[in-house]
Amino acid sequence: MNADLVQRWIRPQLRELRAYHVPEASGLVKLDAMENPYPLPTELVDTWLETLRGAELNRYPDPQAAALKARLRESQGVPADSGLLLGNGSDELIQLLALALAGPGRGLLTVEPGFAMYRLIARFCGLDYHGVSLREDFSLDLPALLTAIERRQPALVFLAYPNNPTGNLFDRAAVEHIIQASPGLVVIDEAYHAFAEDSWLARVSEYPNLVVMRTLSKMGLAGLRLGFMVADPAWVAEFDKLRLPYNINVLTQLSAEFALRHAEVFQQQTALIRAQRDSLFAALQDIPGVQPYPSRANFILFRLSAGGADEVFEALREAGILIKNLHGAGGLLRDCLRVTVGTQEENAAFVRALKTIMAGRDLARAGGL
Ligand SMILES: *Cc1c(COP(=O)(O)O)cnc(C)c1O
């Protein structure tokens with residue numbers, strides 16, 4: 001009975017989608033979701049809780065989050081003449097952009113492999129979706145992109161910089177070309193900014209169609225849900241009409257402001273993660289049959305040259321380690337797995353388990369011959 005009602009009323013574009021799947025992780029070493037593995041240092045926890053004591057839970061939060069915005073502008077280097085808009089995670093901002101620009105014949109163009117939410121959000125907001133394949137080495141295929149932009153005239157182009165799930169930064173000159181050739185908005189998604197040591201933020205004032213997005217999630221505050229976008233104030237004024245009035249709750253406003261006042265703590269943690277990323281990369285390079293791709297983010301994509309990604313993923317989970325299996329996506333991600341950089345101990349446990357699993361597969365193969 002209910003199924004008929006659902007069938008009748010839920011929009012067909014929505015019915016054909018599958019919800020974003022988050023696997024169960026309890027009891028596992030969690031290296032699947034690009035979280036910072038380090039908690040807030042204990043000596044800061046008490047001061048943080050003291051800050052929260054001032055939260056008026058009975059009142060609506062400041063709808064403009066003025067204090068937090070001022071702090072963000074200063075700590076993130078937002079150009080003074082640019083507009084700034086906050087979201088409940090940058091996922092909310094992607095949705096807001098899509099809602100603002102959707103319409104018949106309007107499309108969102110991005111690269112593949114890329115961030116899964118671009119496609120999902122485009123579809124449920126009623127935008128056509130255009131995916132343009134990266135080259136084998138995950139670099140931008142500029143001629144293909146320029147042709148697709150010319151033909152599709154997309155309302156929105158999304159580029160994650162560095163890209164997820166591949167981890168690389170795209171060539172700056174190619175990105176510049178895309179910004180100039182695009183009739184609509186180009187969104188540079190800097191979710192991994194804390195690890196990239198490169199950015200487009202300072203260029204926002206130069207291009208009327210450039211939006212730069214960041215999030216506090218990957219640098220260590222995934223639980224807070226705070227993302228922000230920077231663009232020409234005229235764009236931001238329009239997007240602000242779509243934003244629900246109190247999208248940033250009072251606990252997030254206070255906690256994020258507190259965290260940004262202690263930015264050096266997060267800078268130390270992310271620097272440590274960058275260093276560990278490079279050791280992890282070297283360790284993966286040393287495992288026969290494993291081909292890691294260089295990363296400017298807090299994760300590493302790697303390919304199993306003899307295949308078997310599903311089996312290796314399962315064996316790792318049985319060994320208590322959860323990473324991300326991308327093999328099912330096919331295309332350039334065939335035989336690929338992605339691991340988030342964890343603590344030194346977590347990375348060591350992962351490398352140990354992977355080594356054992358790969359050696360076992362080698363032996364089985366030799367025995368089978
Ligand atoms: C993780 C991620 C996001 C989402 O970040 P939230 O702020 O946690 O919603 C956006 N874009 C990319 C490329 C990501 O990897």
Side-chain angles (χ1 to χ4, degrees), residues 20 22 25 30-55 57 61-62 64-78 84-96 115 117 160-162 164 188-197 199 201 212-230 243 246-277 296-299 324 340-343 346:
Y20 188 81
V22 179
K30 197 170 182 313
L31 301 177
D32 66 325
M34 284 77 118
E35 292 145 328
N36 172 342
Y38 304 107
L40 201 60
T42 37
E43 64 273 18
L44 273 188
V45 171
D46 284 338
T47 3
W48 168 56
L49 291 174
E50 212 39 58
T51 313
L52 291 187
R53 207 178 279 283
L57 291 182
D62 172 3
Q64 293 307 325
L68 172 56
K69 272 185 175 167
R71 181 68 65 180
L72 268 174
R73 278 191 176 273
E74 186 193 305
S75 77
Q76 303 277 312
V78 177
L84 172 65
L85 190 74
L86 308 188
N88 185 352
S90 45
D91 283 346
E92 190 190 37
L93 296 173
I94 301 169
Q95 174 180 274
L96 217 131
F115 184 45
M117 291 308 292
Y161 189 92
N164 173 12
I188 309 272
D189 180 348
E190 298 188 348
Y192 300 96
H193 166 254
F195 311 98
E197 299 172 283
S199 171
L201 191 59
V212 170
M213 236 171 52
R214 285 188 192 167
T215 173
L216 302 194
S217 295
K218 310 308 172 20
M219 69 169 234
L221 298 165
L224 279 189
R225 310 302 299 130
L226 186 75
F228 64 96
M229 73 159 102
V230 177
R243 184 180 63 85
Y246 305 108
N247 65 329
I248 312 299
N249 74 71
V250 66
L251 298 178
T252 297
Q253 290 192 28
L254 288 172
S255 303
E257 228 195 300
F258 172 85
L260 294 171
R261 271 201 302 275
H262 296 91
E264 72 288 348
V265 169
F266 296 89
Q267 278 155 13
Q268 277 162 18
Q269 291 182 348
T270 51
L272 189 56
I273 293 167
R274 287 197 302 268
Q276 279 159 358
R277 168 190 70 200
R296 296 288 289 270
N298 64 339
F299 59 84
K324 176 90 174 173
T340 301
V341 181
T343 64
E346 288 171 334

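- The two residues Ser199 and Glu190 make their nearest non-hydrogen contact at OG-OE1, 2.9 Å.
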Let's go through Leu40 and His262 carefully: what are the C-alpha distance in whole Å and the side-chain angles of both, what is the deciding distance for side-chain contact (heavy atoms from CB on, under 4.5 Å) to 0.1 Å, and is it a yes or a no? CA-CA 10 Å; Leu40 201 60; His262 296 91; over 6 Å; no

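- Among all heavy-atom pairs drawn from Thr51 and Arg261, the shortest one is CG2-NH2, 4.2 Å.
- For the side chain to side chain contact (heavy atoms under 4.5 Å, CB included) with Arg225, the lone residue among Thr252, Ile248, Asn88, Asn249 that qualifies is Asn88.
- Note that the CD1 atom of Ile188 and the OH atom of Tyr161 stand 8.0 Å from one another [nearest 0.5 Å].
- No side-chain heavy atom of Leu221 sits less than 4.5 Å from a side-chain heavy atom of Leu226.
- To the nearest 0.5 angstrom, Thr215 atom OG1 is 8.5 Å from Leu93 atom CG.
- The one candidate from Met229, Met219, His193 that meets the side chain to side chain contact (heavy atoms under 4.5 Å, CB included) condition with Arg214 is His193.
- Summarising the geometry of Arg243 relative to Gln64, their closest heavy-atom pair is NH2-NE2, 3.9 Å, with the distance given to 0.1 Å.
- Side-chain atoms of Asn298 never come within 3.5 Å of backbone atoms of Val341 as a donor-acceptor pair (strictly under, hydrogens ignored).
- Tyr20 OH to Asp91 CG: the interatomic distance, rounded to the nearest 0.5 Å, is 7.5 Å.
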- Query: Going through the checks in order, is the side-chain contact (heavy atoms from CB on, under 4.5 Å) test met by Gln253 and Leu86?
  - Reply: CA-CA 10 Å; Gln253 290 192 28; Leu86 308 188; over 6 Å; no

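- To the nearest 0.5 angstrom, Lys324 atom NZ is 14.0 Å from Leu31 atom CG.
- Taking every heavy atom of both residues into account, Trp48 and Ser255 meet most closely at NE1-OG, 3.0 Å.
- Between Pro37 and Glu346, the shortest heavy-atom distance links the atoms CB-OE1, 3.6 Å.
- The side-chain heavy atoms of Lys69 and Val78, taken from C-beta on, include no pair separated by under 4.5 Å.
- The CZ atom of Phe266 lies 11.0 Å from the OG atom of Ser75; values are rounded to the nearest 0.5 Å.
- Side-chain contact check for Asn247 and Glu92: at least one donor-acceptor pair (N or O, by modelled atom type) lies under 3.5 Å.
- Residues passing the side chain to side chain donor-acceptor pair (under 3.5 Å) test with Gln269, sequence neighbours excluded: Asn36.
- Counting only residues at least two apart or in different chains, salt bridge (charged side-chain N to carboxylate O under 4.0 Å, His left out) contacts with residues 31-40 comprise Lys30-Asp32, Lys30-Glu35.
- Counting heavy atoms from C-beta outward, Leu272 and Thr343 have side chains that stay 4.5 Å or more apart.
- Summarising the geometry, atom CZ belonging to Phe258 is positioned 14.0 Å from atom CG belonging to Leu68; distances are rounded to the nearest 0.5 Å.
- Nearest heavy-atom pair, Ala194 versus Thr270, reported as atom, atom and distance to 0.1 Å: CB-CG2, 3.8 Å.
- In summary, the aromatic rings of Tyr192 and Phe299 are positioned with their centroids under 6.0 Å apart.
- Remark: Gln267 engages Ala263, Glu264 in a side chain to side chain contact (heavy atoms under 4.5 Å, CB included) (not counting sequence neighbours).
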